[in-house]
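Take a look at the structure set out below.
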Amino acid sequence: MTPSVTPPPADYARLRAQLDTLATEAFRPELAEIDRLPTLDIAKIMNGEDATVPAAVAAELPRIAAAIDATAERMARGGRLVYAGAGTAGRLGILDASECPPTFNTAPTEVVGLIAGGPSAMVTAVEGAEDSKELAAADLDALGLRAEDTVVGISASGRTPYAIGAVEHARAAGALTIGLSCNPDSGLAAAAEHGIEVVVGPELLTGSTRLKAGTAQKLVLNMLSTITMIRLGKTYGNLMVDVRASNEKLRARSRRIVALATGAADAEIEAALAATGGEVKNAILVILGGVDGPAAARLLAESGGHLRAALHASMA
């Protein structure tokens with residue numbers, strides 16, 4: 001049985017003092033009467049706050065790019081991408097992970113999101129779960145953490161024990177570690193091999209880090225997963241050639257992607273998809289490389305799934 005992780009009352013003063021030092025927790029007296037403003041004025045203020053987030057992300061682009069290159073290198077060797085966070089941060093990680101299979105045809109176990117307190121914490125807060133480093137270590141062990149994996153700890157404050165514990169445990173196991181936070185000089189960034197600190201400043205609502213901090217984390221996670229998949233050959237130009245056609249909309253999109261990549265007529269597209277079991281990337285190779293379905297599969301396997309390399313090989 002997992003022991004209680006609720007901090008004893010004696011620790012509250014220490015924690016409160018720690019929170020007082022965080023930019024994401026700062027009180028903004030100029031907004032103290034925001035509730036008395038007209039709705040349109042509040043919306044304008046909030047929109048102006050959100051507009052500052054991309055600049056904060058831009059300041060971290062060199063560190064984001066370095067983390068992506070390191071992640072792609074691990075994943076090319078069979079490693080997994082694992083997000084770990086609590087509350088909003090954990091939910092954002094699970095959201096990003098859940099969108100990779102339909103977008104890039106990854107296996108559900110290839111990009112994984114962990115949230116403190118388990119799946120039920122997606123919709124209901126689990127008291128004390130975020131305060132346990134041991135819980136993070138246990139969750140990673142349950143996945144069978146390997147040295148080829150990449151673990152991304154996500155925490156707006158940069159102090160959440162669950163996120164720091166995940167990074168510390170992963171680093172000790174030889175995995176690549178990334179710490180994503182929204183405060184400078186955070187414990188999370190210090191614990192990770194790649195620290196990313198997107199400093200967005202105090203929130204519109206004091207301490208509500210689902211706002212600017214959450215937006216910043218979502219933008220960085222979009223980059224981390226999307227560009228990693230580009231590096232792994234999951235796209236051809238800006239086309240999602242590994243898209244999984246699991247519904248009518250995606251089946252229509254698959255045909256459109258093949259058309260955009262090849263310029264072929266509908267009949268040729270349908271024949272290529274039929275010859276490749278509906279695999280978009282293979283169908284493009286059949287049309288552009290002038291090969292049959294089995295040859296397309298072989299060339300893609302030999303090129304590690306990179307369509308451009310397979311096309312080059314087909315014309316050699």
Test item: Ile164 and Lys133 side chains (from C-beta on) under 4.5 Å apart, heavy atoms: yes

Value rounded to 0.5 Å, distance of NE2 in His194 from OG1 in Thr150: 8.5 Å

Least distance between heavy atoms, Ala213 atom then Thr209 atom: CB-O, 3.4 Å

Under 3.5 Å side-chain donor-acceptor pair for Tyr83 and Asp96: yes

Gap between atom CG of Leu285 and atom CD of Glu279 - 0.5 Å precision: 12.5 Å

Distance, nearest 0.5 Å, that separates OG of Ser98 from CE of Met122: 7.0 Å

ILVMFWY network linking Leu219 to Ile227, side-chain heavy atoms under 4.5 angstrom: yes

Taking every non-hydrogen atom, the tightest pair across Ala116 and Ala121: O-CB, 3.3 Å

Non-hydrogen side-chain atoms of Val152 and Val82 separated by less than 4.5 Å: no

Min side-chain heavy-atom separation Leu31-Thr206 under 4.5 Å: no

Asn247 CG: over 12 foreign heavy atoms closer than 6.0 Å: yes

Same apolar cluster: Met75 and Ile196, side chain cutoff 4.5 Å: yes

Flag, side chain of Asn183 to backbone of Ala23, donor-acceptor distance under 3.5 Å: yes

Point-to-point distance, once rounded to the nearest 0.5 Å, from CZ of Arg256 to CG of Leu239: 9.0 Å

ILVMFWY cluster, Leu145 and Leu188 together (side-chain gap under 4.5 Å): no

Minimum-distance pair of heavy atoms, taken over all atoms of Ala163 and Ile154: CB-O, 3.7 Å

Contact check, side chains of Arg298 and Val291, non-hydrogen atoms, under 4.5 Å: no

By side-chain hydrogen bond (donor to acceptor under 3.5 Å, both in side chains) - contacts of Thr228 (at least two apart): none

pair Leu176-Thr71: side-chain heavy atoms closer than 4.5 Å: yes

Check: Arg63 side chain, Ala59 main-chain N or O, donor-acceptor pair, under 3.5 Å: yes

Presence of salt bridge, Arg28 and Glu30, under 4.0 angstrom: yes

Shortest non-hydrogen contact from Ser155 toward Thr160: OG-OG1, 2.8 Å

Pairwise distance CE(Met46) to CD1(Ile42) - rounded to 0.5 angstrom: 10.0 Å

Shared hydrophobic cluster, Leu300 / Ile257 (ILVMFWY, side-chain heavy atoms < 4.5 Å): yes

Nearest non-hydrogen partners of Ile115 and Asp139, listed with the distance: O-OD2, 4.4 Å

Polar side-chain atom of Ser157 near backbone of Arg159 as donor-acceptor pair, under 3.5 Å: yes

Partners meeting side-chain hydrogen bond (donor to acceptor under 3.5 Å, both in side chains) with Asn282 (sequence neighbours left out): none

More than 12 heavy atoms of other groups within 6.0 Å of Arg36 CZ: no

Validation row: Met229, Thr235 side chains within 4.5 angstrom (heavy atoms): no

Pair listing, salt bridge (charged side-chain N to carboxylate O under 4.0 Å, His left out) test, anchored in residues 191-216, at least two apart: Glu49-Lys212

Under-4.0 Å salt bridge between Asp242 and Lys281: yes

Interatomic distance, Leu250 atom CG to Arg253 atom CZ [nearest 0.5 angstrom]: 5.5 Å

Sub-4.5 Å side-chain heavy-atom contact between Val198 and Gln217: no

Distance-minimising heavy-atom pair for Gly117 and Ala129: N-CB, 3.6 Å

Cluster overlap Val258 with Leu288, hydrophobic side-chain contacts below 4.5 Å: yes

salt_bridge(Glu168, Arg171) N-O dist < 4.0 Å: no

